[in-house]
Amino acid sequence: MSKTLIRGARVLGGEPADVLIENGRIAATGTGTGLDGTGARVIDGDGQILLPGLVDLHTHLREPGREDSETVLTGTRAAAMGGFTAVHAMANTFPVADTAGVVEQVWRLGRESGYCDVQPVGAVTVGLEGKQLAELGAMHDSAAGVRVFSDDGKCVDDAVIMRRALEYVKAFDGVVAQHAQEPRLTEGAQMNEGVVSAELGLGGWPAVAEESIIARDVLLAAHVGSRVHICHLSTAGSVEIVRWAKSKGWDVTAEVTPHHLLLTDELVRSYDPVYKVNPPLRTEADVRALREALADGTIDCVATDHAPHPHEDKDCEWGAAAMGMVGLETALSVVQHTMVDTGLLDWSGVADRMSSRPAAIGRLAGQGRPVSPGEPANLTLLDPAYRGQVDPAGFASRSRNTPYQGRELPGRVTHTFLRGTPTVVDGKLQ
């Protein structure tokens, strides 16, 4: 059905309004009975929040090469269930997405899935090895039109290589998204370096390993006049460096994950590998700093770092376990819990941090747009009054490594629309 009328939803948390979707776009908005719903599918939005479709700057879809963890199809289904209409697929696949051919493969798989837009992220260096720049220009000129480049999973630790990458992408308004982790400072690291790591006897991952790379890279970006984006920022010190860089007017952006807004290193006392993640869970003080920085705009956006792993890679001893958590299907609930229900952000702020800003950073036309007539109908409808326990058995993702199993979280995505086509209706995939 090409025509849908959403009645009485609170657009960006404001007063109830009606939104008419027709031929993939928002045809009209209004209140009362002014909108003609003849022939339309009518959705009761009473009590629900209508947001622009969410955009994730940091998703691991694992295809090609690790389809046992996730595929583009299962990952985009999970994205739709979480209210996302666009995701950026990270390059650490097998083979690595360091050529035009691989990024085009991922892009075409996304188009075939039909659940959300998939924008491939190109590798910065060949094979993520940090030694030679990948085909940045060819990936940008490909059908995939790559604008974001990252060796995520590894840090571009060579300052000369990082400088050259920043210079190269400047030519086409690209951005280098840095996984900030000084490798020598994190050799053998298993968790955040601090009181808990000392008590547990696990190798410590110091905050300075992240902060030193961020400090270097914001200076490099300023030097060459290019854009740098900081992936999964996790410490209070990192916040201060980004805040300082922005005060200088430098083109620096940053993201925080939902799990770093909620969870702390105290959970590692359980030795449950579901809490093993890169960067590691930090302290309560770091969590507070991250929330405040997201609220005041120092941190630009929330990105899931959705990192699916098969059961055998997580159901093992801590030291042997893979790092990472799934996050697409719980992200909006965690943000409601940590930011909205605490009064740090309103729903308009959520729309900005989870849709508008990430779309702008990734230069995604048609995503992150206002809920206004003439705009593409990429929309998410959320029931904020819902409360329920997280049950990974019901996930659309192929993997189940969530740190929230059994935890009660608020909010439930009831509907997701991709250019007017419903991908989720009444909480069920279409």
Side-chain angles (χ1 to χ4, degrees), residues 58 180-181 185-186 189-214 230-244 254-305 307 318 321 323-327 330-345 349-350 353-354 387 389-390 401-411:
H58 194 147
Q181 177 191 350
L185 290 174
T186 54
Q190 294 287 314
M191 66 169 296
N192 179 57
E193 183 179 288
V195 172
V196 180
S197 67
E199 291 180 3
L200 298 181
L202 290 174
W205 189 307
V208 71
E210 174 174 305
E211 295 156 7
S212 59
I213 294 293
I214 295 174
I230 308 303
C231 295
H232 43 50
L233 186 149
S234 71
T235 77
S238 296
V239 166
E240 290 308 309
I241 296 166
V242 170
R243 185 174 282 129
W244 171 75
E255 70 191 33
V256 64
T257 71
H259 49 271
H260 286 113
L261 290 172
L262 179 58
L263 309 178
T264 74
D265 59 355
E266 289 290 335
L267 291 164
V268 180
R269 294 185 187 277
S270 68
Y271 287 102
D272 187 339
V274 76
Y275 300 118
K276 188 176 181 182
V277 66
N278 180 347
L281 300 179
R282 303 292 190 177
T283 68
E284 184 65 39
D286 290 311
V287 169
R288 285 197 303 272
L290 295 173
R291 291 185 186 184
E292 291 167 4
L294 182 64
D296 69 23
T298 300
I299 296 175
D300 297 83
C301 61
V302 175
T304 70
D305 193 9
W318 179 275
M323 294 180 178
M325 305 166 169
V326 292
T330 51
L332 191 50
S333 290
V334 173
V335 170
Q336 179 183 335
H337 177 63
T338 59
M339 301 300 296
V340 179
D341 292 352
T342 57
L344 289 169
L345 275 184
V350 172
R353 307 305 195 273
M354 296 190 74
R387 298 290 186 277
Q389 289 189 345
V390 176
N401 52 304
T402 174
Y404 310 116
Q405 182 171 0
R407 183 188 287 257
E408 184 176 279
L409 289 176

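Computed from heavy atoms alone, side chains included, the values below leave out hydrogens, waters and symmetry copies.
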Thr235-Ser238 side chain donor-acceptor pair, cut-off 3.5 Å: yes

Considering residues at least two apart in sequence or located in another chain, which fulfil the side-chain contact (heavy atoms from CB on, under 4.5 Å) criterion with Pro258? Val302, Ala331, Val334, Tyr404

Show the nearest heavy-atom pair for residues Val287 and Leu261, with the distance to one decimal. CG1-O, 3.3 Å

Which pair of heavy atoms, one from Trp205 and one from Ala189, lies closest together, and at what distance? CE3-CB, 3.6 Å

With sequence neighbours excluded, tell me which residues meet side chain to side chain donor-acceptor pair (under 3.5 Å) with Arg243. Glu240, Asp296, Thr298

Between the CG atom in Leu263 and the CD atom in Glu284, the distance rounded to the nearest 0.5 Å is 10.5 Å

Could you give the distance from CG (Leu233) to CD1 (Ile214), rounded to the nearest 0.5 Å? 4.5 Å

Sorted by chain and residue number, the salt bridge (Lys or Arg N to Asp or Glu O under 4.0 Å) partners of Glu255 (sequence neighbours excluded) come out as none

Counting distance only, does the side-chain N/O of Ser333 pair as donor-acceptor with the main-chain N or O of Gly411 below 3.5 Å? yes

With sequence neighbours excluded, tell me which residues meet ring pair (Phe, Tyr, Trp, His ring centres under 6.0 Å) with His232. His58, His179

Run the ring pair (Phe, Tyr, Trp, His ring centres under 6.0 Å) test against Trp244 and tell me which residues pass, sequence neighbours left out. Trp250

Name all pairs fulfilling the salt bridge (charged side-chain N to carboxylate O under 4.0 Å, His left out) condition that reach into residues 193-213, sequence neighbours left out, sorted by first residue then second. Glu199-Arg269, Glu210-Arg282

Ile213 side chain reached by Gln181 side chain, heavy atoms, under 4.5 Å: no

